[in-house]
Number of protein chains: 2
Amino acid sequence: MSVEDQVAPPGRAATAVEEPDADRLDLPVVLAALADPGRLAIVRALAECGEECCVKVGEQAGLTVGKSTLSHHLKVLRESGVTHTRTQGTHRYVSLRRDDLDSAFPHLLDAVLAWRDRS
Amino acid sequence: MSVEDQVAPPGRAATAVEEPDADRLDLPVVLAALADPGRLAIVRALAECGEECCVKVGEQAGLTVGKSTLSHHLKVLRESGVTHTRTQGTHRYVSLRRDDLDSAFPHLLDAVLAWRDRS
DNA sequence: AAGCTGGTCCGATGTGTGTCGAACTATCCC
DNA sequence: GGGATAGTTCGACACACATCGGACCAGCTT
């Protein structure tokens, strides 16, 4: 019952991108996802731009990487359970899974977001 | 023949193990240090055994790795600023740098330690 | 329909990391 | 002194990962 639709049946299911269930979040995996400076910047940008944000968050985060690299980072964040991705047409809207993260690891996201890099 | 006049002045300096200053802790580095399950187990064991703990924390943490691997993990934790290491004789006592971590990343350590793995 | 375009996937590549055993260092104890 | 012992360091190895360009696929747009 955990996995409703396995591999996108021909029916609807359009927006199904694999994301772990809220009760299956793994701390080491999440920490590893957040340990990359680029991904951390993305998460921070997502937190700042409110509810939902288009993939251009890469630009907003000041990322200077190629398309495929950005896609890879978003995939890591998505599969670790940090972000949710909604597909609409050719666009993808990314958002932080704040509630799920807060319930699985209380205050973790706050602690991470509170950090300011003094370079 | 290896180290003629390298470092090691004839004086004291004994217990100097490299650890970053409290105001130089880097979040991605700390997160990466905590992202390894083995190191996370060590940190948890350190938190449970109070103030200071000998290196046998590896056993207490249930680590089944070799000496060199354990040494490596402790080095990563030390150099990331998560732990403090005090040398006494042939023994090394490891402790969490709770204060420094809490002041640099408030609630981060608490959030990490609060997590319980349901396997 | 035909093309454009946002985004993913695929290979390749260089770099980092976890693991080990063995060699080495330093300290303690008899 | 001469071991014995705690711990680090040194290759070495396999594997994972960040990065890239280009191929590919699916919706828009005209």
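All chains are named by letter (A, B, ...) in the order of the sequence lines, taking the proteins before the strands, and each is independently numbered beginning at 1. All values derive from a computational prediction rather than experimental measurement.
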TODO: Please report, rounded to the nearest Å, how far the C1' atom of C:dT15 is from the NE2 atom of A:H72.
DONE: 14 Å
Task: Closest-nucleotide ordering on DNA chain D, the 5'-leading residue of A:T90 and A:G66 - done: A:G66
Open item on the list: Base, sugar-phosphate or nothing for B:V65? Non-hydrogen atoms, less than 4.0 Å.
Closed with: sugar-phosphate
Task: Neighbour count >12 (heavy atoms, 6.0 Å) for atom NE2, B:H107 - done: no
TODO: Take atom CG of A:L70 and atom P of D:dA18, then tell me their distance rounded to the nearest Å.
DONE: 13 Å
Task: Whole-Å distance separating the NZ atom of A:K67 from the P atom of D:dA26 - done: 15 Å
TODO: Indicate, yes or no, whether a donor-acceptor pair under 3.5 Å links the base of D:dG7 to the side chain of B:S71.
DONE: no
Task: Distance, rounded to the nearest Å, where B:R78 contributes CZ and D:dT9 contributes P - done: 7 Å
- [ ] Figure out the CG/C1' separation between A:L63 and D:dA18, and round it to whole Å.
- [x] 12 Å
TODO: Could you tell me whether B:R98 and B:D110 have a side-chain N and a carboxylate O separated by less than 4.0 Å?
DONE: yes
Open item on the list: Test side chain to side chain contact (heavy atoms under 4.5 Å, CB included) on A:E19 and A:H84; report intermediate values, then the result.
Closed with: CA-CA 7 Å; A:E19 295 171 4; A:H84 167 72; 3.0 Å; yes
- [ ] Identify, between B:V76 and B:S68, the residue whose nearest nucleotide on DNA chain C lies closer to the 5' end.
- [x] B:V76
Task: Length of the CD-P vector between B:E79 and D:dT8, whole Å - done: 11 Å
Open item on the list: Under 4.0 Å, counting only non-hydrogen atoms across every strand here, what does B:H73 touch: a base, just sugar-phosphate, or nothing?
Closed with: sugar-phosphate
Task: Residue pair B:R39 / B:H73, side-chain donor-acceptor N/O under 3.5 Å - done: yes
Open item on the list: Rounding to an integer number of Å, can you tell me how far A:D36 CG sits from D:dA16 P?
Closed with: 18 Å
Open item on the list: I want to verify a distance call: between C:dC20, C:dC9, C:dG7, whose nearest atom is closest to the A:R92 side chain?
Closed with: C:dG7
Open item on the list: Tell me every residue that passes salt bridge (Lys or Arg N to Asp or Glu O under 4.0 Å) with A:R78, counting only those two or more places apart in sequence or in another chain.
Closed with: none
Open item on the list: From the set C:dC9, D:dC20, C:dG6, return the single nucleotide nearest to any side-chain atom of A:T69.
Closed with: D:dC20
Task: Distance, rounded to the nearest Å, where B:E18 contributes CD and D:dT8 contributes C1' - done: 12 Å
